[in-house]
Number of protein chains: 2
Amino acid sequence: MGTLQYAILGMLNRDSMTGYDLTREFQTSLFDFWTAKHSQVYPELKSLLEKGYVEYETEISGTALEKKVYTITQQGRDAFQNWEETAYPIKPIPKDEFRLQLFFSDAMEPEMRLKQLEYHLQQHRQRLEQIRKKQEKFDTIPPKEESQFCDYLVMQGAIHREESYCSWLEECINLCQQRKIL
Amino acid sequence: MGTLQYAILGMLNRDSMTGYDLTREFQTSLFDFWTAKHSQVYPELKSLLEKGYVEYETEISGTALEKKVYTITQQGRDAFQNWEETAYPIKPIPKDEFRLQLFFSDAMEPEMRLKQLEYHLQQHRQRLEQIRKKQEKFDTIPPKEESQFCDYLVMQGAIHREESYCSWLEECINLCQQRKIL
DNA sequence: AAAATACATGTCAAATGTTACATGTAAAAA
DNA sequence: TTTTTACATGTAACATTTGACATGTATTTT
């Protein structure tokens, strides 16, 4: 079973919700380590339904709008817990187009390389700021409540990741500038 | 055109080689930021050939083994350089199954979470060591020769990335242990 | 009252990537 | 001399993900 299905089970294990709600979660709370579009979410829900891991009830919003509110089943909970407690070998290194460009940058003007490095530094600084803003909503750090504590840990991870990316780019920029002088 | 095709053009821009050679590069020098299997490389070479970005000559190894040695064309060089000098917006955050597990770890025993964190720390420390070993082959740091300098920059990036992952995991472990005492 | 945005659910085609299938030669080690 | 490893090239089936197509309701803003 694919990871996305476990991500969905994990969300439903916290709370029953619709495909639309799940999609929103993938764009917000899960955004820093897993994303999915609604075009992926709905078919996966169907597949989970066939497996008996989730079930749904139809609710009416207003007078006509139908909502399918999905709930995890005991079977689903078992499958989720089994995944959650398994130590999987780490996945292959994530692909990074910019690193590829940098790797081949011996074929371009040093000035151009610097321009590229500065552009990407700016982009990652922006991303870092966005993540830091999310962190501000915690009133105590680290939070005491268990699920908030988990949120905090992964958010710290996202901050580490972006800080590290930025500091690497800064190091590259310094090395390129020293090189220019020599 | 997909990024993989530019990666191939980039390699061929440095030197003519076979699909087999390219596949080896994806498993070694490019491994820390881009990978591809031979089952992807051969069809992409075919596609690049149709676009007129590469051409090949058949060589015989020994008495019968046929090799297709691919060379980049001027058109291919132009396309590559255009990609190389374009500042693309940064890609969506890479997916990370372990972060997903950690995010949902409020549903498991704190002891289990610690076990998972320690397992992943060990895995990433191993990966870090492997990358550091690669770095040892540079005799001057940073290297003076241009293409080696680029290799060095991306390798520093890989080291930063893994160091940052490890330090995050260490921080998580500390926070979890403090939590256990309270 | 109209327009814009959010809510809500789906499908389809295309791109990307992995694993397995399929075949054969050349060189090195046992 | 046999076996194993490296060299060499492809295809096919499957899984994952994205972007576009398709439709309609409810709420909020102008």
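Chain letters run A, B, ... following the sequence lines, proteins first, then strands; residues in each count from 1. Bear in mind that the values here come from a model prediction, so they are computed numbers and not experimental data.
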Can you figure out which of [options] approaches the side chain of [X] most closely?
X: B:Y42; options: D:dT17, D:dT9, C:dT9; result: D:dT9
X: B:S39; options: C:dG10, C:dT19, D:dA20; result: C:dT19
X: B:A64; options: C:dA8, C:dT25, D:dC7; result: C:dT25
X: A:L65; options: C:dT11, C:dC7, D:dT17; result: C:dC7
X: A:T35; options: D:dT9, D:dT18, C:dT11; result: D:dT18
X: B:K95; options: D:dT18, D:dG10, C:dT9; result: D:dT18
X: A:P43; options: C:dT11, C:dT18, D:dT9; result: C:dT11
X: B:H38; options: D:dT9, C:dT9, C:dG17; result: D:dT9
X: B:L4; options: C:dG17, C:dA8, D:dA8; result: C:dG17

Please report whether the ring centroid of B:F104 lies less than 6.0 Å from that of A:F80.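 Close enough - the centres of the two rings lie under 6.0 Å apart.
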Is the positively charged end of B:R179 above the ring of A:F149, judged by distance under 6.0 angstrom from the centroid and angle within 45° of the axis?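 Satisfied, under 6.0 Å and within 45°.
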Find out whether the Lys NZ or Arg CZ of A:R113 is both under 6.0 angstrom from the six-membered ring centre of A:Y119 and within 45° of the ring's axis.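 Pair A:R113/A:Y119 does not count as cation-pi.
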Nearest nucleotide by nearest heavy atom, which residue falls closer to the 5' end of DNA chain C, A:K67 or A:K46?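 Taking each residue's closest nucleotide, the earlier one in sequence belongs to A:K67.
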Spacing between [X] atom [atom1] and [N] atom [atom2], to the nearest angstrom:
X: B:Q40; N: C:dA15; atom1: CD; atom2: P; answer: 14 Å
X: B:K91; N: C:dT16; atom1: NZ; atom2: P; answer: 11 Å
X: B:Q27; N: D:dC7; atom1: CD; atom2: C1'; answer: 12 Å
X: B:E59; N: C:dA26; atom1: CD; atom2: C1'; answer: 15 Å
X: A:E97; N: C:dA15; atom1: CD; atom2: P; answer: 17 Å
X: B:F26; N: C:dT18; atom1: CZ; atom2: C1'; answer: 15 Å
X: B:R24; N: D:dT5; atom1: CZ; atom2: P; answer: 18 Å
X: B:L45; N: D:dT11; atom1: CG; atom2: C1'; answer: 15 Å

Please give the angle, rounded to 10 degrees, between the axes at the start and the end of the helix from C:dA1-D:dT30 to C:dA30-D:dT1, where five pairs define each axis.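 Taking five pairs per end, the axes differ by 40°.
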Strictly below 4.0 Å: does [X] bring a side-chain N or O up to OP1 or OP2 of [N]?
X: A:T63; N: D:dA26; result: yes
X: B:K37; N: C:dA20; result: no
X: B:Y20; N: D:dC7; result: yes
X: B:T18; N: D:dT9; result: yes

Go through the steps for B:S147 and B:E145 under the test side chain to side chain donor-acceptor pair (under 3.5 Å), then give the verdict. CA-CA 6 Å; B:S147 78; B:E145 198 271 310; 3.1 Å; yes
Short side-chain to backbone donor-acceptor contact, B:K134 and B:T28, under 3.5 Å: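 Yes, B:K134 side chain to B:T28 backbone: donor-acceptor pair under 3.5 Å.
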Given 3.5 Å as the limit, does a donor-acceptor pair link the side chain of A:E84 with the main chain of B:S105, or not?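 Yes, the answer is positive, given that a donor and an acceptor are paired below the 3.5 Å cut-off.
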Pick the nucleotide of DNA chain D nearest each of B:E66 and A:G2; which residue has the one closer to the 5' end?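 The answer here is B:E66.
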Take the angle between the ring planes of A:H120 and A:F98 and call it parallel below 30°, perpendicular above 60°, tilted in between.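 It falls in the parallel class, under 30°.
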Chi angles and distances behind the salt bridge (charged side-chain N to carboxylate O under 4.0 Å, His left out) call for A:K115, A:E118: CA-CA 5 Å; A:K115 233 173 127 177; A:E118 270 152 12; over 6 Å; no
